[in-house]
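Taking it in order: structure first as structure tokens, then the write-up.
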There are 2 protein chains.
Amino acid sequence: MLNYSRTEENYIKAIYHLEAGKDSVSTNDLAESLQTKPASITDMLKKLKKKKLVSYQAYYGCRLTLEGKQLALMIIRRHRLWEYFLSQKLDFSWDEVHDVAEELEHVSSEKLINKLDAYLGFPRFDPHGDPIPDEKGAIANDKLISLNNQPENKPCIVSKIGNQSVSILEMLEQKNIAIKTRLEIIKKYPFDGSMEVKVGRSRTTILTKELAHNIFIKEV
Amino acid sequence: MLNYSRTEENYIKAIYHLEAGKDSVSTNDLAESLQTKPASITDMLKKLKKKKLVSYQAYYGCRLTLEGKQLALMIIRRHRLWEYFLSQKLDFSWDEVHDVAEELEHVSSEKLINKLDAYLGFPRFDPHGDPIPDEKGAIANDKLISLNNQPENKPCIVSKIGNQSVSILEMLEQKNIAIKTRLEIIKKYPFDGSMEVKVGRSRTTILTKELAHNIFIKEV
DNA sequence: ATAATTTTTTAGATTTGTCTAAATTTTTTT
DNA sequence: AAAAAAATTTAGACAAATCTAAAAAATTAT
């Protein structure tokens, strides 16, 4: 994987996100998303085509090539790992992480990112519940709902744990929470984001927002 | 503190380092240090002068203004904190940290840097023994020699501890090592960088390279 | 103190990513 | 299917940071 400019990376990332669903991305949509003019988009698309990151035909929009998609996944990987780091280690709140991660994602040392990944315990979802691509670009295909976003008195089932660190797993084990455990929020405390939760059919326990944020659920 | 381009920041940092000792920095020295041509230096110095970061007079070199110096200290703070992070948390070796930190130092969120500082335990020296400026730009004026660089059988005195984290302080306390303790390396083990050290006059103990690296000494 | 050398600056060109305004192509409307 | 509207591209210009080549100033040598 070669080195690309910050601007090129931002284009690739934007195309990746816009491409979802549609079968090609229009110049205007890209201009809107990147806060720039359509003429600039055209220029850059020609350049990215020459570098084989996108397929592009005048007047018919663009798509990422395989190589472009792989690059996009690496940028997203960096972004989400940094978000995870900021939120988990530096105690940023979830709405503050995005802008800083937007900067950090362009530091492209592979060694840095892989070591950061390991240091964080190979988390599979970022603080917003979006999946983090692994070293090879493999990515879970669904966005998860965190327990934090679940209302009171609606039973749900644990489907994923957001991080594989020993500390979280040991805590969950002690609280008898695992994949497929049935949970129901009894009461949320807005003051500190903590909540009382019924585990299975009988026992209840208190979860902090940090812990609840790493418990991803499906509604029943 | 306003926002400056990556290039401007690199100029400011280079001037700061070249300025030490001399009373002005020449165009040629800067060109050498930044691997660029003297003509480019002249252009940029005019620009930095307009922004009041340097004082510059044609044919007579430049100096940082107070504002420029403050900016330089912030860039150096970022650089050294990231170096510390890479070495201490991500397990980079000391000769690998520089290049990555060179990238990370340009991410300019103050909140990020201050939180990183706190997370690392407000370290005062980076992995090379260079002092880390604090939030206000205050900086210890001496580079320290780490115990790692001390030869065998030469007594020395502990003068600083490189980081104030509870974990390191508790470890040092247990080993009876504090400021002004007399140490002498009995044997170094190149395999893992650990060493056997005489503490005071009698007791000996084993120190890992990670620990020894945070013990800064004066020769006796 | 004049000549030779070195250092520094100026002038004009280049690259990257952007812009505006005009031209072209596609899409929508009637 | 022609006219109108919308989307896209082209052409030419600009700012940032750089370059080369030539000119100017400062320094060193004789």
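This one's a predicted model, so the numbers in the text were calculated from it and none came from an experiment. Throughout, a chain's letter reflects where its sequence line sits, starting with A, and its residues are numbered from 1. What you see below is based on every heavy atom in this structure, not just the backbone, and it leaves out hydrogens, waters and symmetry mates.
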- Aromatic rings A:W82 and B:F85: how do their planes relate, parallel, tilted or perpendicular, breaks at 30° and 60°?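 Geometry flag for B:F85 against A:W82: tilted rings.
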
In whole angstroms, how far is the [atom2] atom of [N] from the [atom1] atom of [X]?
X     : N      : atom1 : atom2 : value
A:M44 : C:dT16 : CE    : C1'   : 8 Å
B:Q35 : D:dC19 : CD    : C1'   : 15 Å
B:E8  : D:dA15 : CD    : P     : 16 Å
A:L34 : C:dC19 : CG    : P     : 10 Å
A:D29 : D:dA6  : CG    : C1'   : 13 Å
A:R6  : C:dT18 : CZ    : P     : 12 Å
A:E9  : C:dT16 : CD    : P     : 16 Å
B:L30 : D:dT18 : CG    : P     : 12 Å

Between [X] and [N], is there a contact of a side-chain N or O with OP1 or OP2 at under 4.0 Å?
X     : N      : answer
B:Y60 : D:dA26 : yes
A:Y59 : D:dA6  : no
B:T36 : D:dC19 : yes
A:T27 : D:dT9  : yes

- Query: Are side-chain heavy atoms of B:E9 and B:R78 found at a separation under 4.5 Å?
  - Reply: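 Yes, side chains in contact.
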
- Just by modelled atom types, is the B:S55 backbone N or O under 3.5 Å from a matching donor or acceptor in the B:R63 side chain?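 Not a single qualifying donor-acceptor pair exists.
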
- Message: Students often get this wrong, so: under 4.0 angstrom with heavy atoms, is B:A58 touching a base, only sugar-phosphate, or nothing?
- Response: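 Sugar-phosphate, backbone atoms only, no base.
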
- Message: Any base atoms under 4.0 Å from A:S40, or only sugar-phosphate, or nothing? Heavy atoms, all strands.
- Response: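 Base contact.
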
- Message: Using a 6.0 Å distance limit plus a 45 degree cone around the ring axis, check whether B:K160 lies over the aromatic ring of B:F125.
- Response: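 Relative to the ring axis of B:F125, which defines the angle, B:K160 lies outside at least one limit.
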
- Message: Given the ring of B:Y119, does A:K89 sit roughly above its face, with NZ or CZ under 6.0 Å from the centre of the six-membered ring and within 45° of the axis?
- Response: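 Because its charged atom misses either the 6.0 Å distance or the 45° angle limit, A:K89 does not stack over B:Y119.
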
Heavy atoms from C-beta onward define the side chain here; which of [options] lies closest to that of [X]?
X     : options                : result
A:N28 : D:dT8, D:dA25, C:dT18  : D:dT8
A:A39 : C:dT18, C:dT26, C:dT20 : C:dT20
A:K37 : C:dC19, C:dT18, D:dT20 : C:dC19
B:D43 : C:dT25, C:dT10, D:dA24 : C:dT10
B:K46 : C:dT10, C:dT20, C:dT26 : C:dT10

